[in-house]
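For ligands, and for the atoms within them, numbers begin at 1 and follow the listed sequence. Here the structure is a predicted model, which is why all the values come from computation and not from measurement.
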Amino acid sequence: MPHATWQDFETLESYIAKEQSLHPQSQGIFSNLLRRIGLASKVIMSKSQKAGLLGVLGTHGSINVQGETQQKLDVLANEVLKDTFRWMNSVSCLASEEEDDVMHLPERTEGDHRYIVMFDPLDGSSNIDANVSVGTIFSIHRCKSLQGPPPMSDFLQKGTEQVAAGYILYGPSTIFVYTTGHGVHGFTLDPVIGEYVLSHEDMHIPDVCKCFSANDSNYPTWDAGTQRFADHVRYSREGRYAKTTSRYIGSMVGDLHRNLLYGGVFLYPAEAATGQGKLRLLYEAAPLAMIYEQAGGAASTGRQRILDIQPDELHQRVPLIIGTKAEVELYERMVAQ
Ligand code: AHM
Ligand code: MG
């Protein structure tokens with residue numbers, strides 16, 4: 001007769017507690033923060049699953065600071081995350097793709113434990129009406145200033161200074177993937193018990209190029225090096241590329257989760273004419289770069305490691321090439337030619 005095994009009880013909660021016990025000086029403040037993100041993601045998941053019934057499909061009628069049309073669910077997910085952190089002593093301020101400016105929370109007493117949380121509440125939300133997977137991305141930094149409202153420089157930290165990063169993918173199942181700099185771990189939501197259960201411990205990207213992911217209709221706007229790279233990976237049919245296939249959802253969390261499991265490369269390069277990428281550094285590229293590096297992959301603009309970029313502004317956009325090390329390095333060589 002089947003019975004429960006220890007794996008059934010290795011939840012996000014217990015895993016975080018175990019990681020925390022490795023640091024005896026820890027007061028559990030940071031662990032609590034990760035747990036709250038887990039809770040927020042369950043609320044977002046539950047609202048998205050009922051979106052067609054709750055009347056929250058479609059556009060909100062507003063434009064965000066990026067000049068993009070906000071979906072009702074973008075706004076709703078943003079509110080859920082803001083409400084999640086509003087009362088937490090350990091969080092000093094927030095930044096979101098859906099907010100023009102940073103959000104300072106009321107001054108707290110615990111001056112030593114002040115974190116900044118930045119997030120993209122619902123990445124890939126243009127897909128939501130078609131019932132395609134979307135995700136939440138988060139990045140956590142320490143506030144450098146110990147008192148008062150943190151200055152902008154506290155938000156503009158390099159990706160190397162993130163204390164944790166992760167994403168939640170709302171797909172056929174809901175998966176929570178995070179790193180605190182000690183490997184990448186994935187948890188699948190068991191909808192019956194309402195808990196995230198460990199399903200992907202110590203994730204490593206396979207060293208194969210199974211998937212090539214990019215918006216191909218942008219090909220004419222890419223520079224010659226990027227076009228050479230795309231042609232080589234997709235069409236050469238040699239060596240590592242003998243079995244490469246094109247896969248692009250248009251929800252980066254979904255594309256990157258798949259590539260993390262199968263191996264491959266995702267690119268959203270700059271337009272040659274403007275030199276501008278689309279994806280945002282602080283709450284899209286940097287957290288996903290931390291995840292990929294921790295899983296043995298790499299992330300670059302083509303000219304610079306994503307995690308080494310010194311941000312200039314909150315909603316800064318960057319070109320992003322992220323995937324297996326071999327492909328990211330090949331891209332860097334080809335654009336340098
Ligand atoms: P969003 O944060 O407004 O949803 O935009 C980010 C999304 C990514 O998930 C996805 O990879 C990309 O934009 C798709 O853009 P495009 O439609 O130009 O290919
Ligand atoms: Mg996004």
Checking the side chain of Arg258 only, and the main-chain atoms of Arg247 only, is there a donor and an acceptor separated by less than 3.5 Å?
yes
Could you go through the side-chain hydrogen bond (donor to acceptor under 3.5 Å, both in side chains) check for Gln49 and Ser46 one step at a time?
CA-CA 5 Å; Gln49 283 188 342; Ser46 127; over 6 Å; no
Quick look: Asp120 vs ligand 1, heavy-atom contacts under 4.0 Å, and the answer is side chain
Which bit of Phe266 is near ligand 1, meaning a heavy atom under 4.0 Å away: side chain, backbone, both or neither?
side chain
Logged contact type for Asp123 with ligand 1, heavy-atom cut-off 4.0 Å, is both
Using the rule ring pair (Phe, Tyr, Trp, His ring centres under 6.0 Å), only one of Tyr196, Tyr15, Tyr167 pairs with Phe187; which is it?
Tyr15
Nitrogen or oxygen atoms of Leu122 and ligand 1 under 3.5 Å apart:
no
Considering both backbone and side-chain atoms of Asn218, is one of its nitrogen or oxygen atoms within less than 3.5 Å of a nitrogen or oxygen in ligand 1?
no
Can a donor-acceptor pair be found between the side chains of Thr226 and Asp223 at a distance below 3.5 Å?
yes
Is ligand 1 less than 4.0 angstrom away from at least one heavy atom of Ser126?
no
Quick check: does Gly124 get an N/O under 3.5 Å from an N/O on ligand 1?
yes
In terms of the angle between their ring planes, are Phe30 and Tyr115 parallel, tilted or perpendicular, with boundaries placed at 30° and 60°?
tilted
